[in-house]
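Only one structure is covered here, and it is reproduced in the block below.
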Amino acid sequence: MVVVPRRLFQPPWEFREAALFTAVAVFAGFAFQYAASGQGVALPHLPFNAIALALFAVFVLSVGLGFKNNPMVKWFGGIPLGLCLIFAIALLSLIGGVVPQEAIKPGSLSALLGINQIFSSWPFALAILLFLANLGLSLSWKLVPFKLKNLQFILFHAGFWIALSCAIFGTPDLQRLVMKVDEGQESNLGYSMESETPQKLPFSVFLHNFSLEEYPPQLFLYDPQSGQPLEELTKTTTLVHKGVKASWKNVDVEVLDFLPYALPGKNGVPEPADHKAGISFAKVKISSGSAQREEWITTGSPMVDTKDAQVGALYLGIRAGTPKAFRSEVTVHDDNGQQTMATLEVNHPINFTDWKLYQMGYDQKAGRWSQFSLIELIRDPWLPAVYLGFFMIMAGNILFFWNGIKRTEGAS
Amino acid sequence: MIVNFTTVAIVAMVCWALGTLLSILARRTPALKIPAFVLSLGGSLFMAAFIAFYWSILDRPPLRTLGETRLWYAALIPLVGFLVEYRWKIEWLKYYCMALAAFFLCINLLHPEVFDKTLMPALQSPWFIPHVIVYLVGYVLLAASSVTALHNVYLQLRHKGNDNGESVSHYLALLGFVLLSFGLIFGALWAKEAWGHYWTWDPKETWAFLSWLAYLGYLHAWRYKIDRSKLQWYLALSFVVLLVCWFGVNYLPSAANSVHTYSQS
């Protein structure tokens, strides 16, 4: 039997047609982007985006179910096109993973093609939309008639469809604002990245207290010319506590005493002080060659000068440790009389009505003495839908894992 | 600290080397099989004990820097080799796995990291351990899958049939993909708690998504019955994307804006 190679566009369509179609779509996307002078896709807000998404879903499902046996529809919902679209999305993501995604000079070729904001560009949106259509068609064929053995397929693919579509269509409704509140003050204004005029929020935040905990200070020997610290012989960094020893070439140091919170006292000897005002002091014994001496050194603060010890041409110092935790004690309340007292901390946001409040930052120059706290306020009405998708993907994956194991057992 | 690591690393590598030698000799003298296995496993157990010890003196899980994650790979990769030998009666994978583990330890010996107890607030979360461990195990399985695929390619080039090898690389990739999906979603759920949004196209996220797409593509190509022997090339190369995601990201121009760079400069 002689096998005649299938010509391009001769049915049934397969990979070559899918690759060509995908390439044309991506190219058209870049052309759109260029024609729109680099303006990305602008999606509508609720409820219009939800309506558009629902119509799209109904359209895809009805085409899938109504034209199940049409060869074109079959090809459109098939694996060859799906694979080509996955490849296109991967390629566009690759651009986003290599080229920094940030504002650049408008009018340059990258800006006109949307290379610097690829994830809101036309080619990306088009690839995602076609991918959702492809995924939706394949899903419709497994959904109706429903069979239990298709459950894993349905959970994974429907979960991915829901998470991806809701994350993308819901983007315009995501609100991210930053609020700066001073200690003992109240605010109801949030700033967005895009504009300098603040937005009035439906609630106010009162900051009772901001506090920051630090790791113990670090001990280091540095060259004042370069400002660079020298590497310790053990190639480690030493956190200061009483009794700790550290060694560099020709220099040995032992911490004889450590006061985490103290203030300068008489005769150069520091006196313990309270947590709020005090700074770290260490009494160090420095041995260099045959010489040996003891000295108090300190991290310093906005109020007290730093004091280092001179060791020949080098200096020995301690610097305030990196932040271990920072938190804001706040009261949040709205006009309807709803009120919550809470402590905000990184990784511990709080919910208030349909907003989520996050500890974001503080005055980094002042560190522990920061007089204000930066709180991020986020509202994302599409979040439950995206999470539903996530959980469906995970459920589908557990079944996939289970079936995969079972099949291997059957095969061997 | 580092002195201890050097000793443990050398002991582990000696265990793997002797284990390899004995198991090659065991082809002729079956009595050597058990000591060979005990020695090879011993290497991983030494590493596991070192990780436990390191964890206790750090007061935090040693999962923050790349060097710390390499310790876990070194302990876990040989275990996949042993499991595959037990499950599929395929012997050669464990040699590759032990060599890979020794390679990771050598990187750590050549570039000792600064011993640092601090853990930034964003990483102090119950999500930290599940997110990183799921990814670690996923990467380990995919590394093994990629090594198997490379071996399959080598056998193909020598025109040897190898159905069993192709099913091993496939199932390792399948398990690895499941874990990648969990790692990705755990990461998204954690990001929502720590940074406010579940997805921000941070370079590390983008590359994690890319690696996930690469294996998603593989599974669909496999399903569509594309020539399995050609897919071995694909599997072998997919791991390159993972490697970029794992430590290549830090060197890319896009990394300047990343919130995911925890290693010291």
Side-chain angles (χ1 to χ4, degrees), chain A residues 78-80 82-83 86-87 89-90 93-94 96-102 118-119 156 163 167 174 176 215-216 231-232 234-237 239 321-326 345-349 356 358-360 376 378 380 383 386-387 390-391 393-394 396-398 400-401 404-405 407-408 411-412, chain B residues 1-3 87-88 112-127 164 167 171 174-175 177-179 181-182 185 188-190 192-199 201 203-207 209-210 213-214 216-217 220-221 223-224 226 241 244-245 249 252-257:
Chain A
I79 286 186
L83 263 174
I86 288 176
F87 187 71
I89 293 169
S93 305
L94 182 70
V98 176
V99 182
Q101 298 294 296
E102 57 199 7
I118 200 81
F119 300 110
F156 183 86
L174 173 72
R176 295 188 78 151
Y215 281 103
E231 198 170 60
E232 290 185 41
T234 53
K235 301 201 186 251
T236 61
T237 56
L239 297 187
T322 50
K324 187 178 188 178
F326 46 99
E345 204 182 327
V346 179
N347 269 313
H348 298 280
K356 227 170 159 124
Y358 294 80
Q359 174 67 61
M360 188 187 181
E376 187 167 26
I378 296 178
D380 183 5
L383 188 69
V386 176
Y387 273 22
F390 283 170
F391 287 109
I393 294 176
M394 288 199 278
N397 258 319
I398 291 171
F400 190 42
F401 176 79
I405 297 280
R407 213 175 305 150
T408 16
S412 64
Chain B
M1 258 326 295
I2 295 303
V3 177
R87 182 75 191 74
W88 282 282
E113 275 188 340
V114 175
F115 174 73
D116 187 348
K117 278 187 150 183
T118 60
L119 192 61
M120 47 285 273
L123 292 183
Q124 298 167 19
S125 161
W127 283 110
N164 204 11
S167 90
Y171 283 108
L174 188 157
L175 295 182
F177 173 79
V178 168
L179 289 168
S181 310
F182 274 100
I185 293 179
L189 297 174
W190 180 11
K192 177 72 198 168
E193 291 305 296
W195 298 320
H197 197 45
Y198 52 86
W199 199 264
W201 294 110
K204 193 86 170 187
E205 289 171 0
T206 305
W207 279 93
F209 180 63
L210 268 169
L213 284 181
L216 186 74
H220 284 86
R223 186 89 187 75
Y224 199 66
I226 287 181
V241 183
V244 176
C245 178
V249 170
L252 290 173
S254 54
N257 312 325

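Values reported hereafter were calculated over all heavy atoms of this structure, with side chains retained and with hydrogens, waters and symmetry mates removed. In the text below, chain A, chain B and the rest are named by the order of the sequence lines, each starting its count at 1.
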Self-check item: Smallest separation among heavy atoms of A:Tyr358 and B:Gly196, with atom names
Solution: CZ-CA, 3.3 Å

Quiz item: Hey, does B:Phe177 have a side-chain heavy atom less than 4.5 Å from the side chain of A:Asn397?
Solution: yes

Quiz item: Considering only heavy atoms, which portion of B:Lys204 lies under 4.5 Å from any heavy atom of chain A: side chain, backbone, both, or neither?
Solution: neither

Quiz item: Does the pair B:Thr206 and A:Gln101 meet the rule for a side-chain contact (heavy atoms from CB on, under 4.5 Å), with working shown?
Solution: CA-CA 11 Å; B:Thr206 305; A:Gln101 298 294 296; over 6 Å; no

Quiz prompt | Least distance between heavy atoms, A:Pro323 atom then B:Pro121 atom | solution = O-CD, 3.5 Å

Self-check item: chain B contact via A:Ser93 - side chain, backbone, both or neither, heavy atoms under 4.5 Å
Solution: both

Self-check item: Minimum side-chain heavy-atom gap A:Phe401-B:Leu179 below 4.5 Å
Solution: no

Exercise. Side chain from CB out, backbone as N, CA, C, O: work out which of these in A:Phe390 comes under 4.5 Å of a heavy atom of chain B, or both, or neither.
Key: both

Exercise. Look at A:Ile118, A:Ile89, A:Ile79, A:Ile86 and state which one has the largest set of heavy-atom pairs under 4.5 Å with chain B.
Key: A:Ile79

Quiz prompt | Contact summary for B:Pro253 and A:Pro100, nearest pair of heavy atoms | solution = O-CG, 3.6 Å

Exercise. Return the option, out of A:Ile398, A:Val98, A:Ile378, with the maximum number of heavy-atom pairs under 4.5 Å with chain B.
Key: A:Val98

Self-check item: Stepwise side-chain contact (heavy atoms from CB on, under 4.5 Å) check, A:Asn347 with B:Trp127
Solution: CA-CA 10 Å; A:Asn347 269 313; B:Trp127 283 110; 5.8 Å; no

Practice problem: Report yes or no: does B:Gln124 contribute a side-chain atom to a donor-acceptor pair with the main-chain N or O of A:Val346 at less than 3.5 Å? | Solution: no

Quiz item: Closest approach of A:Gly97 and B:Trp207, non-hydrogen atoms and distance?
Solution: O-NE1, 3.0 Å

Quiz item: For chain A, which of B:Pro126, B:Ala188, B:Ala194 has the most heavy-atom pairs under 4.5 Å?
Solution: B:Ala194

Quiz item: Which residue out of A:Gly82, A:Pro80, A:Gly78 racks up the most heavy-atom pairs below 4.5 Å with chain B?
Solution: A:Pro80

Quiz item: Is it the side chain or the backbone of B:Ile185 that comes within 4.5 Å of chain A heavy atoms, both, or neither?
Solution: side chain

Exercise. Pick whichever of B:Leu189, B:Leu216, B:Leu252, B:Val241 has the most heavy-atom pairs under 4.5 Å with chain A.
Key: B:Leu189

Exercise. Pick one of side chain, backbone, both or neither for A:Ala163, based on which atoms fall under 4.5 Å of a heavy atom in chain B.
Key: neither

Quiz item: Is it the side chain or the backbone of A:Lys356 that comes within 4.5 Å of chain B heavy atoms, both, or neither?
Solution: side chain

Quiz item: How many angstroms lie between CH2 in B:Trp199 and CG in A:Leu174, if you round to the nearest 0.5 Å?
Solution: 15.0 Å

Practice problem: Apply the test side-chain contact (heavy atoms from CB on, under 4.5 Å) to residues A:Ile393 and B:Phe182: give CA-CA distance (whole Å), side-chain angles for both, the deciding distance (0.1 Å), then the verdict. | Solution: CA-CA 9 Å; A:Ile393 294 176; B:Phe182 274 100; over 6 Å; no

Quiz item: What's the spacing between B:His197 NE2 and A:Asp380 CG if we round to 0.5 Å?
Solution: 6.0 Å

Quiz item: In terms of the angle between their ring planes, are A:Phe119 and B:Trp201 parallel, tilted or perpendicular, with boundaries placed at 30° and 60°?
Solution: parallel

Quiz item: A:His348, A:Lys324, A:Met360, A:Glu232: which one forms the most heavy-atom pairs within less than 4.5 Å of chain B?
Solution: A:Lys324

Exercise. Could you check which of A:Phe87, A:Phe391, A:Phe156 has the highest count of heavy-atom pairs closer than 4.5 Å to chain B?
Key: A:Phe156

Quiz item: Where do A:Leu83 and B:Ile226 come nearest, in terms of heavy atoms and distance?
Solution: CD1-CD1, 4.4 Å

